[in-house]
Amino acid sequence: MDGNLTLNLANFSTLFVCMVLKFPQIFVLMRARATAGVSLNSLLLELVGFLVFMSYQMYYDYPPLTYLEYPILIAQDVIVLLLILHYNRNLKHSLIYAALFVGGWQLLTVQKWVIDLAMSLCTFISASSKLAQLQCLWRSKDSRQVSSLTWGLATYTCLARIFTTVVTTGDTQVLIRFVIMTVLNLWVTVTVIYYKPHAVKQD
């Protein structure tokens with residue numbers, strides 16, 4: 001009973017956190033009306049990783065509670081993407097991105113080997129998104145438009161998913177992905193916090 005209670009707590013807390021995960025980042029962008037320090041490439045890679053991971057879980061009929069947050073995260077990432085494109089005056093590119101993502105999503109489940117291959121690359125894609133954000137921060141040395149709260153919450157959700165994966169599916173690929181994502185999310189969080197004082201001094 002205690003095990004089921006802990007599992008449900010981990011699942012529902014992850015879902016709740018993911019419902020508001022990107023809100024701090026959205027509010028920071030809307031307030032600043034600028035995107036310095038926020039990596040567009042990181043966001044695009046993250047979206048690809050989310051789509052692949054969600055499609056993989058759905059294809060193999062995993063328990064919905066183990067991936068229910070991903071449609072919510074995708075929707076929030078789309079909002080962040082639109083804000084970045086808007087403030088960079090590239091909003092017309094949104095139609096191109098939409099066509100690519102929808103087309104790619106449809107192709108993922110055409111054959112079993114396609115979704116398996118995509119999942120095997122998913123960890124690399126998601127890790128690349130975090131490294132792209134780190135590179136952007138190192139280059140700009142400015143984290144004023146990057147929310148440390150969003151990245152901190154992302155770290156928690158990955159930690160929770162390590163536990164739920166071990167208890168439910170035991171999928172090694174999924175487990176490895178969450179361990180790597182935990183480390184990288186924490187790294188980005190620390191980097192954002194590190195550059196905050198520097199950004200304040202420039203104001």
Side-chain angles (χ1 to χ4, degrees), residues 10-11 13-26 28-29 35-57 66-81 84 101 117-166 169-199:
N11 277 324
S13 66
T14 299
L15 182 58
F16 174 76
V17 168
C18 286
M19 288 175 68
V20 297
L21 182 67
K22 298 288 182 172
F23 281 21
Q25 183 62 72
I26 291 169
V28 167
L29 286 173
T35 64
V38 181
S39 171
L40 176 61
N41 290 335
S42 172
L43 184 63
L44 294 173
L45 287 167
E46 183 176 76
L47 269 168
V48 171
F50 285 167
L51 283 170
V52 170
F53 190 75
M54 183 180 70
S55 300
Y56 177 84
Q57 302 271 68
T66 63
Y67 65 86
L68 197 57
E69 70 268 20
Y70 281 88
I72 301 169
L73 289 172
I74 289 169
Q76 292 178 59
D77 264 357
V78 168
I79 295 172
V80 175
L81 175 60
I84 291 173
F101 279 118
L117 177 62
M119 185 58 193
S120 68
L121 296 172
C122 186
T123 300
F124 173 76
I125 293 169
S126 297
S128 297
S129 79
K130 315 303 178 187
L131 293 173
Q133 180 57 61
L134 282 167
Q135 185 181 38
C136 185
L137 286 167
W138 294 333
R139 188 169 57 247
S140 68
K141 294 181 171 54
D142 185 348
S143 66
R144 283 175 293 183
Q145 279 77 61
V146 186
S147 170
S148 57
L149 179 56
T150 286
W151 286 98
L153 291 174
T155 304
Y156 167 76
T157 61
C158 286
L159 283 168
R161 282 304 178 212
I162 290 173
F163 171 73
T164 60
T165 301
V166 169
T169 65
D171 189 313
T172 305
Q173 271 197 102
V174 174
L175 190 58
I176 291 172
R177 178 184 184 276
F178 280 126
V179 170
I180 294 172
M181 291 306 101
T182 299
V183 173
L184 291 176
N185 281 332
L186 184 59
W187 192 359
V188 175
T189 305
V190 171
T191 304
V192 171
I193 293 170
Y194 176 77
Y195 284 123
K196 285 291 184 187
H198 178 78

Taking all heavy atoms of T123 and all of Q173, pick out the closest pair and write down the distance.
OG1-O, 4.3 Å

Closest non-hydrogen contact found for S147 with V192 is C-CG1, 4.4 Å

Those residues that, when tested against K130, pass salt bridge (Lys or Arg N to Asp or Glu O under 4.0 Å) (two or more places apart)
E46

Are side-chain heavy atoms of I162 and V179 found at a separation under 4.5 Å?
yes

Shortest non-hydrogen contact from S143 to L137?
CB-CD2, 3.8 Å

To the closest 0.5 Å, what do you measure between CD (Q76) and CG (L73)?
6.0 Å

Under the rule for side-chain contact (heavy atoms from CB on, under 4.5 Å), what residues qualify as partners of C122, not counting sequence neighbours?
V52, F53, M119, S126, R177

Of all residues at least two apart in sequence or in a different chain, which pass the side-chain contact (heavy atoms from CB on, under 4.5 Å) check with S128?
L45, F124

To the closest 0.5 Å, what do you measure between OG (S39) and CD (Q133)?
5.5 Å

Within the side chain of T150, is there an N or O that forms a donor-acceptor pair under 3.5 Å with the backbone of L21?
yes

Using every non-hydrogen atom in the two residues, find where G49 and I125 come nearest and quote the distance to one decimal.
N-CG2, 4.0 Å

CG-CG distance between L43 and D77, expressed to the nearest 0.5 angstrom
4.5 Å

As a quick check of understanding, evaluate side-chain contact (heavy atoms from CB on, under 4.5 Å) for V166 and L175, giving each step before the final call.
CA-CA 7 Å; V166 169; L175 190 58; 3.7 Å; yes

Assess whether side-chain contact (heavy atoms from CB on, under 4.5 Å) is satisfied between N11 and L68, documenting all intermediate values.
CA-CA 9 Å; N11 277 324; L68 197 57; over 6 Å; no

Sequence neighbours left out, what passes salt bridge (Lys or Arg N to Asp or Glu O under 4.0 Å) with R161? Give chain and number order.
E69

Closest approach of S148 to T189 (non-hydrogen atoms, all atoms of both residues)
O-CG2, 3.9 Å

With S129 via side-chain hydrogen bond (donor to acceptor under 3.5 Å, both in side chains) - residues at least two apart
none

When W187 is tested against each of Y194, W151, W138 for ring-ring contact (aromatic ring centres under 6.0 Å, His included), which residue passes?
W138

Sorted by chain and residue number, the salt bridge (Lys or Arg N to Asp or Glu O under 4.0 Å) partners of D171 (sequence neighbours excluded) come out as none

With T191, which residues qualify under side-chain hydrogen bond (donor to acceptor under 3.5 Å, both in side chains), at least two apart?
none

With side chains defined as the heavy atoms from C-beta onward, is the minimum distance between L81 and L47 less than 4.5 Å?
yes

Just by distance, do the side chain of Q145 and the backbone of G37 share a donor-acceptor pair under 3.5 Å?
no

Option among Y70, F101, Y56 that satisfies the ring-ring contact (aromatic ring centres under 6.0 Å, His included) test with F50:
Y70

Nearest heavy-atom approach of N185 to A154 is ND2-O, 3.6 Å

Can you sort out the partners of I26 under side-chain contact (heavy atoms from CB on, under 4.5 Å), two or more places apart, ordered by chain and number?
K22, F23, M30, I79, V80, L83

Can you tell me how far apart OG1 (T182) and CG (L159) are? Round to the nearest 0.5 Å.
4.5 Å

How far does CD1 of I74 sit from CG of L51, to the nearest 0.5 angstrom?
4.0 Å

According to side-chain hydrogen bond (donor to acceptor under 3.5 Å, both in side chains), who are the partners of S13, at least two apart in sequence or on a separate chain?
Y156

